[in-house]
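Report on the structure given below.
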Amino acid sequence: MTDKNAQPGNRSEEIGADLESPHRLIEARLEKMAELGKSVELYPYGYDRTHTSAQLQDQEAKLAAGEVKIRYPGRIMAKRGTGKTLFVPISDEWGTVQAYFRKDDLGEEPFRLIQKLVDIGDWIGVEGTLFRTRTGEMTVKVEKYVFLAKAIRPLPEKYHDMSLENKCRRRYLDLAMNQECRDRFKLRSEIITEIRAFFGREEFMEVETPVLQTLYGGATARPFKTHHNSLDMTLFLRIADELYLKRLIVGGLEKVYEIAKDFRNEGMDRTHNPEFTMLECYAAYWDYHDMMDLMERLMGQLAEKFSDGGKLKYGEHELDFGKPFARVRFMDALAEKTGLDLMVLSDEEVAKVAKKEGITLKKGMGRDKILDELFSELVEPELIQPTFVMDHPKELSPLAKAHRETDGLVERFELFVAGFELANSFSELNDPREQRQRFLAQKELLDAGDEEAQQLDEDFLQALEQGMPPTGGLGLGIDRLVMLLIDSNNIRDVLLFPHMRPEQGQV
RNA sequence: GCGCCACUAGCUCAAUUGGCAGAGCAACUGACUCUUAAUCAGUAGGUUCGGGGUUCGAUUCCCUGGUGGCGUACCA
């Protein structure tokens with residue numbers, strides 16, 4: 001995409017962008033690098049580490065008593081010198097341990113190199129013994145050190161936090177400077193590992209389905225479009241993996257799940273990124289009640305592992321995942337808020353209620369879509385404790401099975417926590433005739449102007465015609481789940497590289 | 001998408017009504033053998049996001065473009 005009006009240099013110059021005349025700060029480092037390179041290897045091939053910072057903390061008593069030689073590598077975070085000594089905090093993934101360099105111990109030249117030519121941000125490995133300084137800080141007394149990698153750019157300033165933009169654009173600096181950031185993403189990894197372990201215990205099989213799809217489906221959203229050159233055809237990045245996972249159920253795999261990146265071509269805000277991680281799972285012979293039970297087990301186990309006794313602090317709330325979640329029917333929740341039984345009202349009367357509640361009605365908005373808007377407006381924000389909202393209007397859920405008791409509804413639930421939707425599940429529609437009709441109804445919505453209505457997927461219908469057993473399915477937003485567990489209200493806190501517009505001149 | 005606000009040294013931020021563009025950290029030179037945001041003395045570092053306009057004079061006011069933040073819309 002070319003912007004005719006784009007002009008170069010719209011942001012302050014990236015340092016070092018000009019190789020002919022490097023930035024003064026880089027130039028200084030390049031000079032030191034040249035001198036250092038005469039006597040040491042600047043980029044060696046490895047380092048034989050004996051302990052991480054965490055292991056040094058844990059095993060201090062043993063190490064200090066035994067005068068054990070340790071080798072500890074990491075990144076130099078600061079230098080505090082006094083003429084013939086130097087204290088250097090060195091960070092690894094787990095924390096920071098300071099090293100103590102003494103001219104008398106190291107000799108003239110090695111001390112000069114560390115004092116004059118080694119910069120904050122460089123990687124080194126120090127070898128020596130562990131001791132406590134007079135002021136009580138655990139310290140490696142360095143006998144020798146090796147250079148591991150030279151940095152030619154400076155680290156950010158150390159005692160003010162980086163701007164949010166900088167943290168996201170250059171996450172490697174956020175990670176380098178902030179232990180909290182490293183810990184946060186390690187926690188995300190542990191949460192996902194625990195989710196996989198859970199589904200393993202529940203005997204689900206992890207699968208992978210296509211990201212590039214000829215038809216997008218399984219959710220209501222606008223897709224990203226791309227092009228396959230040798231086939232000369234349009235492909236879409238998936239907005240969901242639902243229709244492929246159901247094909248696997250047709251094939252006879254009985255319990256499958258996928259942790260998938262989905263892509264939706266829509267707005268971005270603190271709970272939306274164009275690419276996000278979704279877990280979907282499907283189980284043969286299950287219905288949505290079984291899926292509710294599964295969600296309670298999953299959330300209960302996650303909360304237990306990642307919080308205090310199943311009670312999770314989220315913002316001003318304390319969320320309780322330790323007991324069965326509240327269950328409320330979609331229409332009942334609306335009836336309670338409006339004082340009206342919207343099931344028996346005419347379309348016109350429903351529209352009138354929506355207008356009264358300040359909802360802007362748009363072209364192509366069906367009755368059920370209006371009900372959905374009403375629900376979002378009136379009910380969702382108040383669903384703080386984990387709550388299953390059940391039995392939605394049919395039109396909103398073209399892939400869900402009709403309710404076994406009530407006409408016009410489907411067997412579906414959404415799990416709401418802290419005012420946002422965390423999971424969505426149905427008893428899956430497996431009657432191919434009805435599925436075809438629902439697709440056709442979607443087509444009418446599409447023609448009426450609803451850009452997000454689903455397309456008819458003939459290949460998927462063929463699969464259903466082959467026979468799909470009764471099936472329960474569920475989608476769970478992983479990024480939002482992580483936000484919940486780490487008490488964050490911004491999706492960028494849980495994405496290593498959230499989508500950002502490119503800076504000018506960086507494309 | 002729309003609305004409001006912001007953008008100044010590598011980083012985090014100041015700058016009175018439109019009147020010489022500053023500090024801390026980082027960098028450089030020097031002093032200092034247990035420091036903790038080390039300290040002390042000194043030096044250097046700027047297309048004030050880009051472009052245009054008003055003005056004797058613009059970081060400051062106006063127009064326009066860029067990026068970001070917040071709110072709002074759509075969505076998970």
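Chain A is the first sequence line, chain B the second, and so forth, proteins listed ahead of strands; every chain is numbered from 1.
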Listed by chain and number, what are the salt bridge (Lys or Arg N to Asp or Glu O under 4.0 Å) partners of A:Lys79, not counting sequence neighbours?
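Partners of A:Lys79 by the salt bridge (Lys or Arg N to Asp or Glu O under 4.0 Å) criterion come out as none, since no residue qualifies.
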Output all residues satisfying ring pair (Phe, Tyr, Trp, His ring centres under 6.0 Å) with A:Tyr257, sequence neighbours left out; order by chain, then residue number.
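A:Tyr257 satisfies ring pair (Phe, Tyr, Trp, His ring centres under 6.0 Å) with A:Phe199 only.
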What residue among A:Asp479, A:Asp493, A:Asp183 forms side chain to side chain donor-acceptor pair (under 3.5 Å) with A:Arg188?
A:Asp479
Taking the side chain of A:Thr133 as its heavy atoms from C-beta onward, which of B:C34, B:U12, B:C74 lies nearest to it?
B:C34
Would you please indicate yes or no on a ring centroid separation below 6.0 angstrom for A:Phe330 and A:Phe413?
no
Can you name the nearest heavy-atom pair linking A:Ile26 to A:Ile152, along with the distance?
CG1-O, 3.3 Å
A:Asp161 near the nucleic acid: base, sugar-phosphate alone, or nothing, with a heavy-atom cut-off under 4.0 Å?
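It contacts sugar-phosphate atoms only.
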What contact category does A:Tyr100 fall into here, base, sugar-phosphate, or nothing, at under 4.0 angstrom with non-hydrogen atoms?
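Base, at least one base atom sits under 4.0 Å.
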List the atom pairs, donor and acceptor, that lie under 3.5 Å between side-chain atoms in residues 29-37 of chain A and the rest of the protein, sequence neighbours left out.
| from | atom 1 | to | atom 2 | distance (Å) |
| --- | --- | --- | --- | --- |
| A:Arg29 | NH1 | A:Ile120 | O | 3.3 |
| A:Arg29 | NH1 | A:Ala151 | O | 3.1 |
| A:Arg29 | NH1 | A:Arg153 | O | 3.4 |
| A:Arg29 | NH2 | A:Ile120 | O | 2.9 |
| A:Lys32 | NZ | A:Asp119 | OD1 | 2.3 |
| A:Lys32 | NZ | A:Asp119 | OD2 | 3.4 |
| A:Glu35 | OE2 | A:Arg112 | NH1 | 3.2 |
| A:Glu35 | OE2 | A:Arg112 | NH2 | 2.9 |

Give me the residues of residues 82-97 of chain A where at least one heavy atom lies under 4.0 Å from an atom of RNA chain B, by number, or none.
A:Thr82, A:Gly83, A:Lys84, A:Thr85, A:Phe87
Name the stems with RNA chain B in them: runs of three or more consecutive Watson-Crick or G-U pairs, distances under 3.5 Å?
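Ordered by first number, the stems with RNA chain B (at least 3 consecutive pairs each) read B:1-7 with B:66-72, B:10-13 with B:22-25, B:27-31 with B:39-43, B:49-53 with B:61-65.
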Could you encode protein contacts along nucleotides 22-31 of chain B as a string, one character per nucleotide from 5' to 3', using B for base contact, S for sugar-phosphate-only contact and - for no contact, with a heavy-atom cut-off of under 4.0 Å?
--BBSSS-S-
Looking at A:Glu180, I want to see if its CD is surrounded by more than 12 non-hydrogen atoms of other residues, nucleotides or ligands under 6.0 Å.
yes
